[in-house]
Amino acid sequence: MPLNPSTDQIDLSTSEADDGFSEADEGAANDAPARHRSKTARTSHHGGLEAVGVIYGNVGTLRFNMVITAPLEKMEFVQVRHKIHGFVLGQVSEIERKTNLTTDGVKSMRHGAPVEIEEKEIATVSIVGYRDDRNLLQAPRTPLLAGEEVYRAQEELIKDVVGIKEHTDTGAYVGLLSGHDVRVELDINLLVQKHVCILSKTGGGKSYCSGALIEEFMKQKVTVCVIDPHGEYSSMRKKGSIKKTHRDFHIKPRGYADKILEFATDTNLNKHAHPLKFTLHNLDARDILGLTNTKNVRSYLTMLRRAIDTLRDTKENFSIADIIAVLEANNEQSSGALITELEYLNEIEVFAEQGTKIDELIQKGKTTIINLRGTPPDMQELIVNRIGNALFELRKVGKIPPMMLVVEEAHNFCPQQGQVACSKVFRTVASEGRKFGLGLLVISQRPAKVDKNVLSQCNTQIILKVNNPNDIKAIASSIEGLTEGMEEEIQRLPIGTAIVTGGGVSMPLFVDIRPRESQHGGESVEIVPHKRM
Ligand SMILES: Nc1ncnc2c1ncn2[C@@H]1O[C@H](COP(=O)(O)OP(=O)(O)O)[C@@H](O)[C@H]1O
Ligand SMILES: [Mg+2]
C-alpha cells in the first residue's frame, strides 16, 4: 500500500495542473506498479507511432505537461495530434519524477519498515509547431487536448518542422540530432554569408568541431584560411582513428594532405610548413617599434624614421637587415640599443624583401593554415592584420575566391577590451565580409572577451559546454531564440554535444558532433602520462 496520507505528504500535482492530474494519472500512468515504471512501461504502437505519454492538466498553446508512459529523455522531440492542424511537434524541456515519499516515510525506511513509494514521471513539453500549407512554421493558436496521446516524434516530422535537409549539395554535415537519427547539415552558403562562431570552455571541443567543419569545407571545395596560433591544424593532413561510439555517424577516416597548404612564421619549429614572409612596405617607424620590446618609443622614433626614409629613396623593398645597416652606417649616438631591438625582430625572420605572394598563400578549394606557433603575440596580431586586410581587399575586387576565414583564440585577435593591431579588420570583415563572400568562423573559450561587434554578427552559433557565468551571459545576449532552460543546459552539455542555432535551421538544436575523419591535433598534453592498461 502507498504511504498513509499524512500532513506532510508531497503534493503530486503541479501548480499549473492541480485539477487535471488525477484523471491522466489513473488512465495512463498508474496501471503499472508505480516503482520502476520507466523500465516496465508498456510501449504502445499506433500505426508506426510509439506512444510515450498522455497530456494532462491545464494545457497552454506554448507548452503542456504529460505523464510519461515510455522511456523519454529531456530534449527529445514528441508529436501530438491537433484537431485542426494535424501533428504538431514538441520538445521535452523538463522531466520531473514526482513521488509521494515523505520525510516520515524516509524515517520509517531508516528503521527498516517497508515503504511503498508511489511515483510518476512528468514531462513539460514546449510546442515547436507545424508547417502550414505554405510551408511556413506556425504555432497552433488553440491548445492541444488533455488526454491526447503523445508520440515519439517521427524523423520526417522533425525534419519537416525544424527545417533540416539531409544530403544536400551545399550542406556541411556537423553531426546527428541528439536522440534522433537525423543528420544536421548547415548550409555552407549561409555560413560564408552570415558568419559562424564556435564557443565553449577550454577542452569543450571547439577545435575538434571546427576541424569537422573544415573537413566539410574541403569536401565541398570551399577555400579556407585558418589562423592557427597553436599549430593544431596541420594534423588534418593525416587520417584519424575513429573510436567506437554508441552512435553510428557513418564517417570513414581519411587525411586531407592534398587539400592543405601550411605556412608558418617559424619554420624551425614547424618544419613541414612554407615560410611566411612579409615586406616592410606599409609599415612605418612607429609600427616597427611597436613590435619590439622597447618602452622608449619616442627616443628612437626620429632615428628610425630617418633610416627608413633613406632606404625608401633608394629601394622599394627593404628588410630589417637593411635598416640595421643604415643605422650602423649613420653611427648615431645611442643607436646601439635600437639596433639590438631590431636584431631581435630580424631573428623572427618574418620580414623580407620578397613577401609571400597571395596566390601562393590562398588557392581555390584549398585550406591554408597560418601556423603561428612560436611567434610572439604582438607579431601574431600584426601578421593576422596583414592577412585579414589582404583577404578583404582582394576579395572585394574578386582576386581571390569566396572563402572562409577561421580564427582560433578570437578573444586575442578581436578583443572586447583594448585595441590590438587586427581589431579593426575583424570588425570590418564581420560587418562587410558577407557582401563580398568573405565568411568568418570565430572560435573562442572566452566569449565575454570577444568584441561584441564581431560576435553579434555570427548568425550561426555552435555552443559547446560553457561554465563561466560571464561567458554564458555573453552567449545568451548574442543568440536569438535561446531560452532560459537552454542557458542551464549549456553548462551541462556532455563533451561532443553542441547547441546549434542558425545555418538554415529554424530553432536551436542539440547536436552530437560527428567524429573527425582526419587527425585532431589539439589533444591535451598529459603532464603525468596515463598508465596504459
Ligand atoms: N565531438 C567529439 N567527439 C569525440 N571527442 C571529442 C569531441 N569533441 C571533443 N572531443 C575530445 O575533447 C578533447 C578537447 O577538444 P578540443 O576541441 O581540443 O577542445 P577546445 O575546445 O579546447 O578546442 C579532444 O582532444 C577530444 O579528445
Ligand atoms: Mg582548441
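In listed order, ligands and their atoms are each counted from 1. Bear in mind that the values here come from a model prediction, so they are computed numbers and not experimental data.
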Applying side-chain contact (heavy atoms from CB on, under 4.5 Å) to Ile164 and Glu185, what does each step give before you reach the verdict?
CA-CA 7 Å; Ile164 299 175; Glu185 294 175 15; over 6 Å; no
Near the Mg ion (ligand 2), which protein N/O/S atoms are found at less than 2.8 Å?
Ser207 OG
Given Gly175, Gly496, Ser207, identify the one with the heavy atom nearest to atom 23 (O) of ligand 1.
Ser207
Numbering the atoms of ligand 1 from 1, which are under 4.0 Å from a heavy atom of Ile513?
1 (N)
Check this for me - ligand 1, Thr202, N or O atoms closer than 3.5 angstrom, yes or no?
no
Compile the donor-acceptor pairs under 3.5 Å between side chains in residues 195-204 and protein atoms, sequence neighbours left out, one pair per line.
from: His195; atom 1: ND1; to: Leu440; atom 2: N; distance (Å): 2.9
from: His195; atom 1: NE2; to: Val429; atom 2: O; distance (Å): 3.4
from: His195; atom 1: NE2; to: Ala430; atom 2: O; distance (Å): 3.0
from: Ser200; atom 1: OG; to: Lys206; atom 2: NZ; distance (Å): 3.4

Please determine whether any non-hydrogen atom of Lys201 lies less than 4.0 Å from an atom of ligand 1.
yes
Looking at His520, which atoms of ligand 1 are within less than 4.0 Å of one of its heavy atoms?
16 (P), 17 (O), 18 (O), 24 (C), 25 (O)
Do you see a donor-acceptor pair shorter than 3.5 Å between the side chains of Asn389 and Asn385?
yes
Contacts of Phe510 that satisfy ring-ring contact (aromatic ring centres under 6.0 Å, His included) - sequence neighbours left out
none
Below 4.0 Å, non-hydrogen atoms only: which portion of Ile443 touches ligand 1? Side chain, backbone, both or neither.
neither
Pairwise distance CD1(Ile158) to CD(Glu155) - rounded to 0.5 angstrom
6.0 Å
Measure Ser200 to ligand 1 on non-hydrogen atoms and call it side chain, backbone, both or neither using the 4.0 Å cut-off.
side chain
Would you check if the side chain of Gln79 reaches a backbone N or O of Leu157 as a donor-acceptor pair within less than 3.5 Å?
no
Any Pro515 heavy atom less than 4.0 Å from ligand 1
no
Ligand 1 N/O within reach of Arg514 N/O, cut-off under 3.5 Å:
no
Is Arg183 close enough and on-axis enough to Tyr173, meaning under 6.0 Å and within 45°, for cation-pi?
yes
Would one find an N or O of Tyr208, backbone or side chain, under 3.5 Å from an N or O of ligand 1?
yes
Considering only heavy atoms, does Lys243 approach ligand 1 within less than 4.0 Å through its side chain, its backbone, both, or neither?
neither
Have a look at Gly204, Gly521, Gly205 and point out the one with the heavy atom closest to atom 15 (O) of ligand 1.
Gly205
Donor-acceptor pair between Ser126 and Gln91 side chains, under 3.5 angstrom
no
So, taking the atom named CZ in Phe436 and the one named CG in Leu391, what distance separates them when rounded to the nearest 0.5 Å?
13.5 Å
With sequence neighbours excluded, residues passing ring-ring contact (aromatic ring centres under 6.0 Å, His included) with Phe263
His274
Measuring centre to centre across the rings, with the benzene-like ring taken for any Trp, is Tyr130 within less than 6.0 Å of Phe87?
no
I would like to know whether Cys414 and Arg427 meet side-chain contact (heavy atoms from CB on, under 4.5 Å); could you show each step before the answer?
CA-CA 8 Å; Cys414 43; Arg427 279 193 187 188; over 6 Å; no
For Cys209, is at least one N or O under 3.5 Å away from an N or O on ligand 1?
no
